[in-house]
K.L.:
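Please see the structure below; I have some questions.
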There are 2 protein chains.
Amino acid sequence: MRINYESNRKILEEKQVRPTAMRMLIFKFLAQKQMAVTLADIETAFEKSERTTIYRTIKTFEESGIVHLIEDGSGVAKYALCEAGCNCELDSDLHLHFHCETCKETQCLTETKIPHINLPPGFTATDASLVVKGTCDKCNKK
Amino acid sequence: MRINYESNRKILEEKQVRPTAMRMLIFKFLAQKQMAVTLADIETAFEKSERTTIYRTIKTFEESGIVHLIEDGSGVAKYALCEAGCNCELDSDLHLHFHCETCKETQCLTETKIPHINLPPGFTATDASLVVKGTCDKCNKK
DNA sequence: CCAAACAATGCACTTCCATTGCAGGTTTAT
DNA sequence: ATAAACCTGCAATGGAAGTGCATTGTTTGG
């Protein structure tokens, strides 16, 4: 729908990313997915387009703070859209990621923040990543 | 020293891993290192031996609970010895890992356990991994 | 003690994912 | 309109993980 298209475009522009056709498509794809996706997932969804372009698009998104990288232990990098107003780089917005061992999907649990950690003396933290593994709500219902 | 050799051997045997020469060497290497190491690190330390052997040795160690895998976000798998009596698989022994962005080393902070996390309704956890990034005590002193 | 059975090792090869170089094509600013 | 900056597509590279198979080493049962 038109509205959505316009708002997506606005998000890209706000982050200083030119809203090319490819980027808009990939952004839309990410927005529709509830889960974190791999580069291969995007490739599969857009068979017509080039791996490299997708790769670089995601890199651009990552550097611009449009998506954030998630390493969930599956060995491949996954990406998910940052929430509106999210500053993933900052300590303040460290949410946790949940990897379901049944459906193999990874999602952001944006409501659940990483609790404050007391580090041993001498250590200073700039970033943290918490991945919880188990069974997600959907799979627990089955 | 002899004592150490014997005690290392005992550890392997307790975990049902045959103490071959190669395995003893790799175990010793891990025990001396304070940090988590990559397969490449071990390769470099033992140039004479085969990548595959090292790879499979570490796999064996991992499956037997002698080492645990750490994914610190550097993209490559790292391994560290489990503490005596550690049961890395169990919730009870989830310590945190610290990745120093200055020296690029990763270490276990075994004293610091992962705090209890309240998951949203429907989610059940079996495992968790917390990696904190920043500057370690040594690099902060420089 | 010897042979059969099993486990560990070495070598070659494959696969998967990430990344880069370069040559067009497109957009933007002057 | 034109140059500069940026984006895209294609080809190729690199690094790490993993597999198959033949060989060697180790254990165990007779």
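Just so we're on the same page: letters track the sequence lines, and every chain starts at 1.
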K.L.:
Does the side chain of A:Y55 get closer than 4.0 angstrom to OP1 or OP2 of C:dT19 through an N or O atom?
P.N.:
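Affirmative; the distance criterion is met.
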
K.L.:
Between B:C136 and B:Q107, what is the shortest heavy-atom contact and its length?
P.N.:
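Heavy-atom minimum between the residues: CB-NE2, 4.0 Å.
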
K.L.:
How long is the line joining CD of A:E62 and P of C:dA18, in whole Å?
P.N.:
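My rounded result for the distance is 11 Å.
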
K.L.:
Got a list of protein N/O to nucleotides 22-28 of chain D N/O distances below 3.5 Å?
P.N.:
none

K.L.:
To the nearest 0.5 Å, what is the distance between CZ (A:F46) and CE (A:M22)?
P.N.:
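These two atoms lie 5.5 Å from each other.
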
K.L.:
Output the rounded distance in Å from CZ (A:F61) to P (D:dC7).
P.N.:
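A:F61 atom CZ is separated from D:dC7 atom P by 11 Å.
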
K.L.:
Rounded off to whole Å, could you give me the CD1-to-C1' distance for the B:I26 and C:dG10 pair?
P.N.:
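Those two atoms, CD1 and C1', are 13 Å apart.
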
K.L.:
Just how far, in rounded Å, is P of D:dC6 from CD of A:Q16?
P.N.:
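Checked: the CD to P distance equals 12 Å.
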
K.L.:
Within the structure shown, what part of the strands sits under 4.0 Å from A:A40 by heavy-atom distance: base, sugar-phosphate, or nothing?
P.N.:
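Contact class for A:A40: none.
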
K.L.:
Is a side-chain donor or acceptor of A:R51 paired with a backbone partner of A:E43 at a separation under 3.5 angstrom?
P.N.:
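Not confirmed, A:R51 side chain does not pair with A:E43 backbone.
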
K.L.:
For side chain to side chain contact (heavy atoms under 4.5 Å, CB included), just list the numbers for A:V131 and A:L96, CA-CA rounded to whole Å, side-chain angles, deciding distance to a tenth of an Å, and then say yes or no.
P.N.:
CA-CA 6 Å; A:V131 178; A:L96 91 96; over 6 Å; no

K.L.:
Can you check the A:E13 CD to C:dT27 P distance for me, whole Å?
P.N.:
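Taking CD of A:E13 and P of C:dT27, I get 14 Å after rounding.
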
K.L.:
Taking the side chain from B:N140 and the backbone from A:G122, do they hold a donor-acceptor pair closer than 3.5 Å?
P.N.:
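Looks like yes, one N/O pair under 3.5 Å.
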
K.L.:
Output one line per pair: protein atom, nucleotide atom from nucleotides 9-12 of chain D, and distance, for all N/O pairs under 3.5 Å.
P.N.:
unit_1	atom_1	unit_2	atom_2	d
D:dG9	OP2	A:T53	OG1	2.7
D:dG9	O6	A:R56	NH2	2.5
D:dC10	OP2	A:E50	OE2	2.7
D:dC10	N4	A:T52	OG1	3.3
D:dA11	N6	A:T52	OG1	3.4

K.L.:
If I take atom OH in residue A:Y79 and atom C1' in nucleotide C:dA18, what distance separates them, rounded to the nearest angstrom?
P.N.:
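In whole Å, C:dA18 C1' and A:Y79 OH are 9 Å from each other.
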
K.L.:
Among the candidates D:dA16, C:dA18, C:dT9, find the nucleotide nearest to the side-chain atoms of B:V76.
P.N.:
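Selected nucleotide: D:dA16.
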
K.L.:
Is B:E13 salt-bridged to B:K10, cutoff N-O under 4.0 Å?
P.N.:
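Salt bridge: no.
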
K.L.:
Quick check for you: to the nearest 0.5 Å, what is the distance between B:T112 atom OG1 and A:L119 atom CG?
P.N.:
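Between atom OG1 of B:T112 and atom CG of A:L119 there are 6.5 Å.
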
K.L.:
As a quick check of understanding, evaluate side chain to side chain contact (heavy atoms under 4.5 Å, CB included) for A:Y79 and A:I70, giving each step before the final call.
P.N.:
CA-CA 6 Å; A:Y79 299 89; A:I70 304 166; over 6 Å; no

K.L.:
Write down the distance between CD1 (B:I54) and P (C:dC11), rounded to a whole number of angstrom.
P.N.:
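Computing the B:I54:CD1 to C:dC11:P distance gives 12 Å.
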
K.L.:
Can you measure A:L12 atom CG to D:dC6 atom C1' for me and round it to whole angstrom units?
P.N.:
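So the two atoms are 15 Å apart, to the nearest Å.
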
K.L.:
What class does the angle between the rings of A:H68 and A:H95 fall in, given that below 30° is parallel, 30 to 60° is tilted and above 60° is perpendicular?
P.N.:
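A:H68 vs A:H95 ring planes: perpendicular.
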
